[in-house]
Amino acid sequence: MKNIAISGTWLFSMPDGNITTTIIDVDRACLWIASERLNADADTEIDIYKKGLPGDSYEMGDVAPTELIAKLVSSTSRVVPDSYSQVVSLRSVVGEESLVVVMRGGDILSMKPEDPDPQFETIGSFEDGIQAAAWSPDDSLLILVTGEGKLIVMTSTFDVLHESALHTDEFGEDAPINVGWGSKQTQFHGSLGKAAAQAPAASSSSSVGVSPDDDLLTRISWRGDGTLFVVSSVSPAVVGATSLRRRILRVYNRDGLLQATAEAVPGLEHPLSWRPSGNLIVGVQRFGTFPGGGKGREGRHDIVFFEKNGLRHGEFGLRHGTLGVGPSDSKERKWGYKVKEVCWSADSNVLLVWIEEDAGDTVQLWTTGNYHWYLKQEIAAPSLEGGRYTSVTWHPENPLQILFTTKTKVISYWCRWETCAATAGVPNDTGTIAVVDGSSILLTPFRVQNVPPPMSSYKFAFRHSPSAPPRTLSTPCYVTFSPTKDILAALWETGYVELWDLHTRLEFRRAPVMTPELIWGGPLLDRAIFREISVSTSAPGGAIARIAALGVESNGIDVLQVLDIGQESINALEVPSLGSLGWRLALTRGAVGLHRNGKVFEYDIDSRRLIPCVDFGKACDVARAIDISQSSTSPETSLFLGLTCSGTLFSAPKSSSLRILAQNANSFTVSGDLVVYVTSAHEAHFISASLLAAADASTVVGGERRRVERGSRIVTSIPSTMSLVLQMPRGNLETVSPRPMVMAAIHADADAGNYRKAFLTCRKHRIDLNVIVDRDPKLFRERLSSFIEQVHDVDYINLFLTNLGQSSQPPEVISKLCDAVREHLEGKDIEKYINSILTAYVVKRPPDLEAGLRVLLQLRERVPTAVEDAVKYIIFLVDADTLFDVALGMYDFSLVLLIAQHTQKDPREYLPFLRELRALEKYYQRFRIDDHLKRYKSALQNLSLAGPEHFDDVKAYVEKNQLYEAALEIFCESDKLPEILSIYGEWLFERREFDQSALVFMDAQRPQKAMLAYEKALLWRELFELAQLQRVDHEEIVTIAYRAAEDLTSKKRYTEAGYVLLDYAEDVREAVIALVQGNQFSEARRIIALHEHNELLEEIIDPAVLEARSQIAEDLTEMREQLQKQVARLRELRIKKAEEPGEFYGIEDLVVQNVDVMTDASAFTAFTRYTIAPTTSAVSRTTKRSSRSKRKMERKVGSGRKGTVDEEEYLLKSLTKLAGRLATAQDETAALVPHLLRFTPLHRTAARELRDELAAFSREMAEAFDEVWPASTEDAETTVAAEEPLDSWAMRIAEREKERERAIKAITKPELRVAGSWCTKLLDVAVRV
């Protein structure tokens, strides 16, 4: 739904020239021009000029002047009409750095432009002349058709590769195979019999002829990839033949071999062009009653398409009415016009049709969408030049740049794609799109109708006005909408303007969608070629509108004209001279805006000059200004947006810093306060314009985005309906309601207090209704009555409360808001809103079901007829069994029956149970109910109130349901408390909570049980204290002491065991043995000396210290073996990782794996190449892990199995722990050596040996640690090519390896203690002695 608009015009004149041919030289950024004239000998003299081309800046000072490069003379061909150029081909051959000219007279000439004195050199000549010539797209081949009808294929160095006759009866190498299906011979012919089937069919080609407008010249066209070319030629005349001459299309490969011949098409004319994308060959067919014409309506003229195999592939009709001509007596143009040439744009999107009329030439630009061809633009030749073009050429690289030439002028048009969308704000946002299609405008207001193209809601046809200037084309060159009202402005290049009030219907009713009314039409004042217009309806002084029109004068300089259109007069405002070209109009809501080379200006009415606003730094195809009001008190500010042809989207507040929003945007629009743009990454982005205007350029402004279909572009947005209309590449439309636009509308309605509209919007678009509350909870509470008045429907209120109950608000907030809604509804009409009131109770956190059931009881008393429906509704909200239990828990049997009667419960299930309960005493009845409902604490309370005769039941119930704490609270002031404490202590004792049970037994006055609990808890101090208080005899205390010491020894609490044996069992020998087991040699010697048992030194201490020394030696041997083994394994792993890191981590080739083909479920291998264990895969497992599985995985990673990728980390951690074991051994040695020195020389020798072994192992460990933890641990990280995707498999692998390296580096080198900190110096003295 895009139109083609003219962005700019560049022209220059050659008054003395006769321009016939031009070619754009992209490499040299220049234009080659051929000017022809006949000399006295009737030969053709050609002047070759070179002219620089303006760049994207449109600065004429940068354009090189016109320069005559060379001249040539060639014989003139009399075969072509005088109006045709004698130059068949003018080409700048890139590979040869030469300019080649092919003449119709048969000469081929070449020139080196870089030579100091460039001259044309004749390469060769064909005496019979050259009918057609065409270079391949890569300039490697030249195709010639000679006057004799020969097809010649030559290289760029003019070597002949192939030569053959052009006219042949062969079809080509791709001839179809006919198996006879559907042929005449296989059909039933009735009474005519087999003779009719075998009779030869009449030739259809004999009735096929050429159009009277055919110039009978040969055409050649290449496919864009240079593999095929097509030749269109007229069959030669045969003397005496009855068949007509006809035009034939033949398709050849680049070797010159015929591939296919097109089917015979009557009335096929000379224009020919192969679409660069390769799928269509374009020709022109004329219908009529002339000999050989196509059968159809007289005057019908079609653009026809062929496939590469020669078969037809559709067509569309030229608009005869748009040409403004009819049948003519002209010999050259039988119908008053003819199609001279057709050609495609470089991107294959626009088809150019060059039409030659009696009054002058016109170029039409056609595009297609959804299998419909649109006439988007018509460009007439300047009338001052006789109204004739001499050549029309597309730019070879810029898709929408066209080069026209007349005899004395070269005119270049820059075009652009533009969507004409209405930009009026709410509530006048109709979302109307205007699509130009010749003299008709296809209008669709997307606010009320979504009509897919090529259809439309309204087809508006312009009619020629008597006040229009002569030769006003039917197709307007530009259409636009007023930014504030439903007014359409149309501009023709001659300066004729029409303003139409569309009167678009915004209501949904049976009526025309719009009724256009012409409010003004007339020409502009200046004589120029206009291309763009803007209209504003906010003109002062009662004017209908203010018009700003942009065009180009005859001198090539852009001109701006601003008019105030009144009812009976036109007031032209004074405007400054633009003085250059390349100006465009900017989209604004009031002031006239212009932009050029990225600089945006506003026309100031008072000073009559252009005020600079922002500078984007790059030329923009579209520039737009947005008026933003930060608050009701602050003045409006402007935000400017600009989109370049390369996809860079800029935003900048007025006279402020510049921000780049995207560098791959293909379209953008403004919807309320949102800037919406779509990128080539197939995402739609939504950013607040207010934030963009207020934030600094360095501040990151976040927004939302959503995925869209590949290739989508924005058509328009309608804030009122929260709609964004997108068009797909194939032409179909998709209307979406993006969440940011919906949320913006909801917030605006909520702020304005339009709660019903906001509610319905949320309901329609499935938005959580809590956004209405979350927008401003305090304001919503104040306006709650207004909300209920607007959203008065019971179902709507129920829906709102249900969503409120499921919100993320704190439970107390939800409960308060539900209570507020409920209280308001109860004050209005409890009967009407009973369902909403019940809903408010149910959705509270936690649900207050009992209060809801009490409301049912109240309703039963006030309105008995409404109870049944209310009960059914609450059963709908809450599970029936839950309601039954809640009603039962209220001890109200009438309510229980009320609920039960409306459920699916069988009366035989609950009636016997209710009868049994009715027969019980009050508190025992409630006990049974609470026990049934598993409300055990309440049941215990009621059972305690049932009387002392039920105390045994109380104890049993406490033990059964473990209600000890509740029982203690209930009987805290009762004489039954000791019994409760006793059963509580027994329960704790069974749970092996001996310390707690001992305290409970003490409170229960059961000391014997308390002593047993203390003994089991190993609280020996409290045990013997209680034993002394209970005056336990000495023998029993000794027995208890031996038991306690044995338990302490089993728990390796040797010191405490020794104290118990010494203090309470009075057994010095056993106490010393216990202390020696704990290596408490000093304490053991102290006790021996205190009690004068010196014999125990030799009996116990002497062998014990030697045994401790042996144990330390064994530990050192074990640690040495572990150190050597792990250091060797680390050395091996690091050598392999340095030599083959890829194979070490199980990665074969990141280049091969460059494509991100792994899913998120893919797992990393847990093994390396050097393990016999198989690799594991978690492809079939889910990626989400529970906390338990995560802990299991951590244990698995920390296990450090050999061959896993985590083995190195495990080994380093193990060595760190080994250093801790060494420190422990050093402490034990430091404590043991003094005792070894107190005994025999054998003991002294053992001490020295232990010292030496420990010192040697300490040095060995220090050397090993220096190797394992070198001074510099900075390792090169695994790198991945910069072109890797951010979420590719290779990047994930690399990140995983980086994490492993970081984990390894985090393990620091342990600090080892020096020998002086643990060695006994006396040993050193003894050694020296």
Please walk me through it: do Thr735 and Leu724 pass side-chain contact (heavy atoms from CB on, under 4.5 Å)? CA-CA 6 Å; Thr735 302; Leu724 180 66; over 6 Å; no
Verdict with reasoning, Ser997 to Tyr984, per side chain to side chain donor-acceptor pair (under 3.5 Å): CA-CA 8 Å; Ser997 65; Tyr984 184 34; over 6 Å; no
Met1011/Met1002 under side-chain contact (heavy atoms from CB on, under 4.5 Å): CA gap, chis, key distance, verdict: CA-CA 9 Å; Met1011 288 177 59; Met1002 290 294 293; over 6 Å; no
Show your working on salt bridge (Lys or Arg N to Asp or Glu O under 4.0 Å) between Arg854 and Glu850 and close with a plain yes or no. CA-CA 6 Å; Arg854 292 192 190 97; Glu850 291 189 6; 3.4 Å; yes
Quick one: do Glu1066 and Leu1062 satisfy side-chain contact (heavy atoms from CB on, under 4.5 Å)? Show the steps, please. CA-CA 5 Å; Glu1066 301 178 355; Leu1062 184 65; over 6 Å; no
Are Ile1040 and Tyr1064 close enough, and set up right, to give a side-chain contact (heavy atoms from CB on, under 4.5 Å), and what steps lead you there? CA-CA 9 Å; Ile1040 294 174; Tyr1064 298 102; over 6 Å; no
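For the pairing with Glu789, the side chain to side chain donor-acceptor pair (under 3.5 Å) check across Arg756, Arg783, Lys828 returns one residue only, Lys828. A side chain to side chain contact (heavy atoms under 4.5 Å, CB included) with Phe927 is found for exactly one of Leu920, Leu943, Val954, namely Leu943. When Phe989, Phe1001, Tyr1014 are each tested for a ring pair (Phe, Tyr, Trp, His ring centres under 6.0 Å) with Phe994, only one passes: Phe989.
Contact between Pro1007 and Leu1026 at its shortest, heavy atoms only, is O-CD2, 3.7 Å. Looking at every heavy atom in both residues, Ile875 comes nearest to Ala880 through CG2-CB, 4.1 Å. The two residues Cys762 and Val771 come nearest to each other via the heavy atoms SG-CG2, 3.7 Å. Nearest heavy atom pair, residue Met741 against residue Ser723, reads CE-O, 3.3 Å. Counting all heavy atoms, side chain and backbone alike, Leu838 lies closest to Ala870 at CD1-O, 3.6 Å. Taking all atoms of both residues into account, the shortest heavy-atom contact from Thr761 to Lys757 is OG1-O, 2.8 Å.
In this structure the side chain of Gln996 never reaches within 4.5 angstrom of the side chain of Val1000, judged on heavy atoms. Residues Val843 and Cys818 are in side-chain contact: their nearest non-hydrogen atoms beyond the backbone lie under 4.5 Å apart. Residues Asp892 and Leu857 meet the side-chain proximity criterion, which asks for heavy atoms closer than 4.5 Å. Residues Leu849 and Tyr841 have side chains not in contact (no heavy-atom distance under 4.5 Å, counting atoms from C-beta outward). No side-chain heavy atom of Val1060 sits under 4.5 Å from any side-chain heavy atom of Tyr1042. Side-chain atoms of Leu1075 and Tyr1054, non-hydrogen and from C-beta on, never get closer than 4.5 Å to each other. Taking the side chain as every heavy atom from C-beta outward, Glu812 and Lys844 never approach each other to under 4.5 Å. Side-chain contact between Val1032 and Gln1028: absent, with no pair of heavy atoms (C-beta onward) separated by less than 4.5 Å.
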Under 3.5 Å, side-chain donor or acceptor atoms of residues 972-979 against the rest of the protein: list the pairs with distances, not counting sequence neighbours.
residue	atom	partner	partner atom	Å
Ser974	OG	Lys976	N	3.2
Glu979	OE1	Lys955	NZ	3.2

Which atom pairs, one a donor and one an acceptor, fall under 3.5 Å between side chains of residues 959-971 and the rest of the protein, sequence neighbours left out?
residue	atom	partner	partner atom	Å
Asn961	ND2	Tyr957	O	3.3

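For the atom pair Phe884 CZ and Leu897 CG, the distance stands at 8.0 Å (nearest 0.5 Å). Once rounded to the nearest 0.5 Å, the distance linking CG of Asn803 with CG of Leu769 reads 4.0 Å. Atoms CD1 and CD1, from Ile874 and Ile899 in turn, are 6.5 Å apart once rounded to the nearest 0.5 Å. Atom CD of Glu1025 is separated from atom CD of Gln1030 by 11.0 Å, given to the nearest 0.5 angstrom. Leu1018 contributes atom CG, which lies 10.0 Å from atom CG of Leu1023 (distance to the nearest 0.5 angstrom). Considering CG of Leu945 and CG of Leu940, their distance stands at 9.5 Å, rounded to 0.5 Å.
With hydrogens and angles left out, the side-chain atoms of Tyr923 and Ser944 include no donor and acceptor closer than 3.5 Å. For the residue pair Asn942 and Asp930, a side-chain donor N or O sits within less than 3.5 Å of a side-chain acceptor on the partner.
Between the side chain of Asp673 and the backbone N or O of Ser690 there is at least one donor-acceptor pair closer than 3.5 Å. No donor-acceptor distance shorter than 3.5 angstrom exists from the side chain of Arg862 to the backbone of Ile830, with no hydrogens or angles considered. In this structure, Asp776 contributes its side chain and Leu779 its backbone to a donor-acceptor pair below 3.5 Å. For Thr882 (side chain) and Val878 (main-chain N/O), no donor-acceptor pair under 3.5 Å exists by modelled atom type. A distance-only check finds no donor-acceptor pair linking the side chain of Ser938 to the backbone of Arg935 [under 3.5 Å]. In this structure, the side chain of Asp829 engages the main chain of Lys832 through a donor-acceptor pair within 3.5 Å. Looking at Ser815, its side chain does come within 3.5 Å of a backbone N or O of Arg845 through a donor-acceptor pair. Between the side chain of Gln790 and the main chain of Tyr755, a donor-acceptor pair closer than 3.5 Å is present. Side chain of Glu921 to backbone of Tyr924: a donor-acceptor contact under 3.5 angstrom is found.
A salt bridge links Asp819 to Arg822: at least one charged side-chain nitrogen sits closer than 4.0 Å to a carboxylate oxygen. Salt bridge Lys872/Glu868: present, at least one basic N to carboxylate O contact under 4.0 Å.
Checked against the 6.0 Å centroid threshold, Phe787 and Phe800 count as a close aromatic pair.
Evaluation of the salt bridge (Lys or Arg N to Asp or Glu O under 4.0 Å) rule for Glu1022 yields no partner, not counting sequence neighbours.
Within 6.0 Å of CZ on Arg763 lie no more than 12 heavy atoms contributed by other residues, nucleotides or ligands. Heavy atoms of other residues, nucleotides or ligands lying less than 6.0 angstrom from CZ of Arg1053 number more than 12. Atom CZ of Arg992 has 12 or fewer heavy atoms from other residues, nucleotides or ligands within 6.0 Å.
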